[in-house]
Amino acid sequence: MRLAPDTLHHLPPQVERFGYDRHAQALGIVHFGIGAFHRAHQAWYADRAMAAGDEGWAISGVSLRSPDVAAQLNPQGGLYTLTERSGNAANSRVIGAIREVLFAPEQHEAVVARIADPACHIVSFTVTEKGYARAADGSLDLAAARQSFYPLLGEALARRRAAGLAGVTLLSCDNLAHNGAVLQRLMSEWIEAEAPAVADWFEHYCTCPSTMIDRIVPRSGGEDLDDLEARIGLRDEGAVFTERFSQWVIEDRFAGRRPRWGRHGVQLVADVAPYETAKLRMLNGAHSLLAYCGLEAGYRFVHEAVADRRLRELATRLMIEEALPSITPAPGQDLHAYADQLLTRFADPALRHRLDQIAMDGTQKIPQRWLDTAIHCVRTGRRCDAIVAGLAAWIRHIEQGTAVDDPHGETLVALAQGEGRAALVAHCFDGAAGRAPLWPGYTRLLPLLR
Ligand code: CS2
């Protein structure tokens, strides 16, 4: 029997569930990229806000590429369980915040209408680094943008403006440096090119706060769903598994209403940068290091890699000696304690967080995770051996050529296996054959790689 609104009463009492009237809640949030991360993080915060009496924060989820999540959640009325795992413990809660999942390629008008509805105040995003369609120089790649959220959002904003409605808050929840400012700039570029009449309205009435989002959400498999079914007695095709820890820091600059997230542990601050930089360079930086070095050493999971003394030391060095001095902490932000807490989180075997999940999309992740730190080290005359070791492991990962999951993967593997390592490095750092480099602005790091 499948989890759904009319089978909820079959759940055993230890499974927590939402306690509000879902259908009395207006769709206040439209979310692009309704994958597991959103369901473990922002949807969980919306669920708790509504459970505590906030109104109007049901979510309309949008998938841009794959109809899979719609097929998992719509037959369940949008319901799914979120299971927090730690050691041997597992606590599950049914989340009621997501009302529907729209598949954009087939439901263009519905997506535009949801955003253009007066009840919508927030449009949020977890579309991954590549979903923002940035060209190598950081500007908007218009051809790629057409395949992403930009046309839908641009059309919806034009409709809101024409109807005299309030602006909306665009909330990027992806691991990009200055994610809000980047989204603001890219969306403005789209509007300039495709809907110039909206430009002034967008600038005056919409905001794009930056956010730091953190929760480890391993990809789940059939075995996880089977175990859950055995425990709760219902089949949940949309189940998500995560850790207990969760953090969300948001620049408090909303265009209109927002849930009272502050009551649920969300930090609403004037400047997100210290949290975001620490998270990208320490957590995500160590993750990518463990991924490439760990896979090479024959490990499959983060907890295995971090149990290896050599890799643990390397990750610690990256966090403490290389990344930490490059970060100006916010008052009260203790980066040494942060590093300790990260190692504890990584070590939890209950998460079964796969290294190959982290290793994907390296070209999109490496600049903000490693290269910004390395530039800081070079400028201040410090060594960055851990990052150099990470880059070398990434290069070998490309050279070896199998299981490279990256939007530039084919080009990189062909270069590495054809012209060799020097050509691969040139392509990334200083361009070749008149082409712009893949990672502009980091040429100064080249001597480190020789
Ligand atoms: C990971 C992140 O897959 C990856 O690249 O580093 O998804 C990481 O687990 C999250 O950012 C944690 O908040």
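Just so it is clear, the structure is predicted and the values come from calculations on it, not from any experiment. Atoms within each ligand, like the ligands themselves, are counted from 1 in listed order.
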Query - For E321, all residues meeting side chain to side chain contact (heavy atoms under 4.5 Å, CB included), sequence neighbours excluded - result: R317
Report task. Mind telling me whether W439 and W394 have parallel, tilted or perpendicular rings, with 30° and 60° as the class edges? Result -> tilted
Report task. Using a 4.0 Å heavy-atom cut-off, say whether V217 meets ligand 1 through its side chain, its backbone, both or neither. Result -> neither
Requested in this report: Could you tell me whether H353 and F346 have their ring centroids closer than 6.0 angstrom?
Outcome: no
Requested in this report: Can you sort out the partners of Y299 under ring pair (Phe, Tyr, Trp, His ring centres under 6.0 Å), two or more places apart, ordered by chain and number?
Outcome: none
Report task. Any atoms of ligand 1 less than 4.0 Å from a non-hydrogen atom of H353? List them with their elements. Result -> 9 (O)
**Report entry** Selected option - heavy-atom contact closest to atom 11 (O) of ligand 1, from K365, K279, Q357
**Finding:** K279
Report task. State the atoms of ligand 1, each with its element, that fall below the 4.0 Å cut-off from a heavy-atom position in N175. Result -> 11 (O)
Query raised in the report: For the residue pair Y132 and F125, does the interplanar ring angle fall in the parallel (under 30°), tilted (30 to 60°) or perpendicular (over 60°) class?
Result: tilted
Query raised in the report: When you measure from atom 9 (O) of ligand 1 to every protein heavy atom, which one gives the shortest distance, and what is it?
Result: H287 CE1, 3.3 Å
Query - Side-chain ion pair, R85 and D224, N-O less than 4.0 Å - result: yes
Query raised in the report: Taking the six-membered ring for Trp, are Y20 and F18 parallel (under 30°), tilted (30 to 60°) or perpendicular (over 60°)?
Result: tilted
Query - ligand 1 versus R369: contacting region, heavy-atom distance under 4.0 Å - result: side chain
Report task. Indicate yes or no: does an N/O atom of R345 lie under 3.5 Å from an N/O atom of ligand 1? Result -> no
Query raised in the report: Where is the nearest protein heavy atom to atom 13 (O) of ligand 1: which residue, which atom, and how far?
Result: D214 OD1, 2.6 Å
Query raised in the report: Can you tell me which residue and heavy atom of the protein come closest to atom 2 (C) of ligand 1, and the distance to 0.1 Å?
Result: N284 ND2, 3.6 Å
